[in-house]
Amino acid sequence: MSLFGTTSGFGTGGTSMFGSTTTDNHNPMKDIEVTSSPDDSIGCLSFSPPTLPGNFLIAGSWANDVRCWEVQDNGQTIPKAQQMHTGPVLDVCWSDDGSKVFTASCDKTAKMWDLNSNQAIQIAQHDAPVKTIHWIKAPNYSCVMTGSWDKTLKFWDTRSSNPMMVLQLPERCYCADVIYPMAVVATAERGLIVYQLENQPSEFRRIESPLKHQHRCVAIFKDKQNKPTGFALGSIEGRVAIHYINPPNPAKDNFTFKCHRSNGTNTSAPQDIYAVNGIAFHPVHGTLATVGSDGRFSFWDKDARTKLKTSEQLDQPISACCFNHNGNIFAYASSYDWSKVRIPRPALGAARQQSRALGWESIGLSCDSSPDSHHSFGQSPAHGKCPVSVSGHRLPCPWVQKDGQAGG
């Protein structure tokens, strides 16, 4: 438990210690970087719920820490507090009232962080790393759902050390999402299970995966009545599936599209294909954001099957993303994601600080209201390298007009 300090100024900026100008493309869109970012790759992000005044951003990292910032209306960020695990933090979520944060870690535990007292206690235990964590608020119960590489899905009353329920998974849990009364869990070997959470959690349906490669991320979307109706599923093969639970016409309504690829499909050159690392739906307009190992984020209209906007390319993969509760702020993490296997960590403090200047670690927020021209699904962004930073992108989302059509 500690209040984390500011980043050293050594080696920052676009100039090296010898005075020569270097290319700094870790933040090509000049987004406002969050201060005091983690010292290793960021694996998860989450904004505070609407019940909490203001905007607070939580990030979990491979430095074993989870950090909290206040994001002000002008986009500036204030470090608030930090908690530690004994292993990398793989997922984070908020309680519905915004008073607590739940964290899942490779140390095989999950913790509950009380923000009022700045105290964290263990609330869950697995036999392998805990990959996902979600808070469930039902009319007749409240609990924390954890998914693990030990092939179990567990539900916890935070007041007890024993799980309320344990459900066996066919394989290791890779990603999950919850919007009451629905949960979706994607596992190794392309497993895909939908759960209903009314009365008590139970398996609703097992779905044959619409994707041919390893699942990486999943996000539930809602219908016009604000009820969960389907999900978007991303894979390591630069592809996203849009899948409705009970579509009127499954062959027409369910579809997949290519994304986070380079060199295009209309050339003879080999195509570079990158993992889709995160998916987030806009809370108001229902458009979705995808982020990938190519170092770009893109916005899509799933209903019009149109790409709305693609970012400039960062020099590292984008490892996570999220919208705030009203969709005015989009946050994303620029971090090495091991998609190019291991790269040596800097051995000296000075080298470490220089790597920070090149984008190894940072966090930020900024404004951009100019969408790209539209493209049909399947056209793709370009190539990326690998540093560690979390950035936020303030977006008033002007490209979605009131009539639901994409703006120009």
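Values reported hereafter were calculated over all heavy atoms of this structure, with side chains retained and with hydrogens, waters and symmetry mates removed.
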### Summary
Interatomic distance, SG@Cys68 vs CG@Leu57, rounded to 0.5 Å, equals 8.0 Å
## Note on the structure
Only residue of Gln168, Met165, Met145 satisfying side-chain contact (heavy atoms from CB on, under 4.5 Å) with Leu153 is Met145
### Query
Does the ring-ring contact (aromatic ring centres under 6.0 Å, His included) test come out yes or no for Phe221 and Phe281, once each step is laid out?
CA-CA 7 Å; Phe221 58 82; Phe281 280 92; 5.4 Å; yes
### Task
For Asp272 and Ser262, test the side chains for any donor-to-acceptor distance below 3.5 angstrom and give the result as yes or no.
yes
### Message
To the nearest 0.5 Å, what is the distance between CH2 on Trp156 and OG1 on Thr158?
### Response
12.0 Å
### Message
Any non-hydrogen side-chain atom of Ser148 less than 4.5 Å from a side-chain atom of Lys154?
### Response
no
### Message
In this structure, is the centre-to-centre distance between the rings of Phe323 and His282 below 6.0 Å?
### Response
yes
### Task
State, with a plain yes or no, whether a side-chain heavy atom of Met164 is found less than 4.5 Å away from one of Val144.
no
## Note on the structure
Residues passing the side chain to side chain contact (heavy atoms under 4.5 Å, CB included) test with Ser142, sequence neighbours excluded, are Trp135, Lys137
### Task
Verify the distance criterion only: is there a donor paired with an acceptor across the side chains of Gln196 and Ser202 at less than 3.5 Å?
yes
### Message
Would His85 and Asn64 count as a side chain to side chain donor-acceptor pair (under 3.5 Å) here? Give the steps.
### Response
CA-CA 5 Å; His85 274 267; Asn64 303 351; over 6 Å; no
### Task
Answer whether the closest heavy-atom distance between the side chains of Ile123 and Lys111 falls below 4.5 Å.
no
### Minimal non-hydrogen separation, His215 against Ser209, with atom names
NE2-OG, 2.7 Å
### Task
Decide if the gap between the ring center of Phe297 and the ring center of Phe330 is smaller than 6.0 angstrom.
yes
### Message
Between Thr132 and Asp91, is there a side-chain donor-acceptor contact under 3.5 Å, judged purely by atom types and distance?
### Response
no
### Query
Who passes salt bridge (Lys or Arg N to Asp or Glu O under 4.0 Å) against Asp303, sequence neighbours left out?
none
### Task
Answer whether the closest heavy-atom distance between the side chains of Phe155 and Leu167 falls below 4.5 Å.
yes
### Message
With a 4.5 Å cut-off on side-chain heavy atoms, are Val71 and Asn324 touching?
### Response
no
### Task
Give a yes-or-no answer on whether the side chains of Ser298 and Thr290 include a donor-acceptor pair shorter than 3.5 Å.
no
### Query
Would you say Met29 and Glu312 make side-chain contact, with heavy atoms under 4.5 Å?
yes
### Message
Ignoring hydrogens and geometry beyond distance, is a side-chain donor-acceptor pair present between Ser48 and His325 at under 3.5 Å?
### Response
no
### Query
With no hydrogens and no angle check, is any side-chain donor or acceptor of Asp114 less than 3.5 Å from a backbone partner on Lys100?
no
### Task
For Glu203, check salt bridge (Lys or Arg N to Asp or Glu O under 4.0 Å) against everything at least two apart and list the hits.
Arg206
### Query
Side chains of Trp62 and Asp39: donor-acceptor distance under 3.5 Å anywhere?
no
### Query
Does any non-hydrogen side-chain atom of Asp177 lie less than 4.5 Å from one of Phe231?
no
### Query
Any side-chain donor-acceptor pair under 3.5 Å between Trp300 and Thr306?
no
#### Entry: Min side-chain heavy-atom separation Ile279-Val240 under 4.5 Å
yes
### Task
Mark yes or no: Arg305 above the aromatic ring of Phe255, with NZ or CZ under 6.0 Å from the six-membered ring centre and no more than 45 degrees from the axis.
yes
#### Entry: Test item: Arg296 side-chain N/O and Ser311 main-chain N/O as donor-acceptor pair under 3.5 Å
yes
### Short side-chain to backbone donor-acceptor contact, Gln83 and Thr103, under 3.5 Å
no
### Task
Verify the distance criterion only: is there a donor paired with an acceptor across the side chains of Tyr332 and Asp31 at less than 3.5 Å?
yes
